[in-house]
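Each remark here refers to the structure printed beneath this line.
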2 protein chains.
Amino acid sequence: MTDDAIHDTETRLRLRIYFGDGAMLGPGKADLLERIRDTGSIAAAGRTMSMSYKRAWSLVEEMNKAFREPLVDSTRGGAKGGGAHLTEAGETVLSNYRKLEEITAEAGAARIGLIRSMLRDIPEGK
Amino acid sequence: MTDDAIHDTETRLRLRIYFGDGAMLGPGKADLLERIRDTGSIAAAGRTMSMSYKRAWSLVEEMNKAFREPLVDSTRGGAKGGGAHLTEAGETVLSNYRKLEEITAEAGAARIGLIRSMLRDIPEGK
DNA sequence: TTGCGATATGTTTTCCAAACCATAACTGGC
DNA sequence: GCCAGTTATGGTTTGGAAAACATATCGCAA
């Protein structure tokens, strides 16, 4: 890929979208979605980011309520106790958020670099 | 200006830059810088955003310590009790942050709009 | 029918950033 | 020599979010 120009550092740009009401989407929920997709479970996803199941679940609930169609579909019981997976809507939201991150990081690289260069301790390019 | 295509809504994209160490720059500090520039005083700036002087000052201190050159220069006593103003570095950081916001909002408008359109209650375009 | 692993949800406790309060120090002008 | 208005700091309090703890439920498989 073209992230050769952005071997950057530990410098990170995190963005959060605030919608009119209380709804918002940020790095936390995006990561959670991603891990749910990867693990197939809310509990497992939470574990990988050392987040309590309760918190993970409540974030999922928030998202499912905020969007017209739920982003996460979950089932209880069964062979492995149950599980969860991203819906079509969930995949769409996640991928768009990720792409948004990518776009902004690229578009703003120069300005970010400038600000970063003015710091007292320039964090060494890791 | 060209913000005709972005009469958007109350939907807002807020971004925060995390640097390697604890230093970070986000909407709060940017707003504070802007108001200090406009009012010529840390206290007045804080007042306009209903932020305690203490907090405003500690944010300023944080920034001044994080950057090689202080972003805010302040003086005590005198005719009007004192005051504060942005240094050259302060102006630079602020304007670059604002421009960064502008760029990202523009570059990501389509994706943001898509996600927003999937919300249950589409916040009416204000 | 018992057990397991996950979802689902309520209750209590903890913790920390922010708010609040209080005080000192500076300085030009009156 | 005070006064006004601000910068500069220290201490205490607290509101609210996150963590921690506690259950209940589900459904397949053995």
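Per chain, numbering begins at 1; letters A, B, ... match sequence-line order.
- Map A:S58 and B:A79 each onto its nearest nucleotide of DNA chain C; the residue landing nearer the 5' end is A:S58.
- Atom CZ in A:R76 sits about 10 Å away from atom C1' in D:dG27, given to the nearest Å.
- Within the 4.0 angstrom heavy-atom criterion, only backbone atoms of the sugar-phosphate kind lie near B:S41; the bases stay farther away.
- No chain of hydrophobic side-chain contacts below 4.5 Å, direct or via other Ile, Leu, Val, Met, Phe, Trp or Tyr residues, connects B:I17 to B:M24.
- Cation-pi check for B:R14 over A:Y18 is met; the charged atom lies under 6.0 angstrom from the ring centroid and within 45 degrees of its normal.
- Atom pair A:K80:NZ and C:dG3:C1' shows a separation of 17 Å (rounding to whole Å applied).
- Surrounding CD of A:E91 are more than 12 heavy atoms belonging to other residues, nucleotides or ligands, all under 6.0 Å away.
- Rounded to whole Å, atom C1' of D:dA19 lies 16 Å from atom OH of A:Y53.
- B:T75 comes within contact range of the sugar-phosphate backbone alone, with a heavy-atom separation under 4.0 Å but no base atom that close.
- If you measure from atom NZ of B:K29 to atom C1' of C:dA17, you get 14 Å, rounded to the nearest angstrom.
- Put simply, NZ on A:K54 is 14 Å from P on D:dA20, counting in whole angstrom units.
- Spacing between atom CG of A:L59 and atom C1' of C:dA8 amounts to 15 Å, rounded to whole angstrom units.
- The distance from atom CE of B:M49 to atom C1' of C:dA18 is 15 Å, rounded to the nearest whole Å.
- At whole-Å resolution of the value, CH2 in B:W57 and C1' in D:dG10 are 11 Å apart.
- Both B:G78 and A:S74 lie close to DNA chain C; mapped to their nearest nucleotides by heavy-atom distance, the more 5′-ward contact belongs to A:S74.
- When each of A:M51 and B:R47 is assigned the nucleotide of DNA chain D bearing its nearest heavy atom, the one mapping closer to the 5' terminus is B:R47.
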(Q) Run the salt bridge (charged side-chain N to carboxylate O under 4.0 Å, His left out) test on B:R98 and B:D31 for me, step by step, so that the C-alpha distance in whole Å, both residues' side-chain angles and the decisive distance to 0.1 Å come before the verdict. (A) CA-CA 10 Å; B:R98 287 296 182 224; B:D31 284 357; 2.7 Å; yes
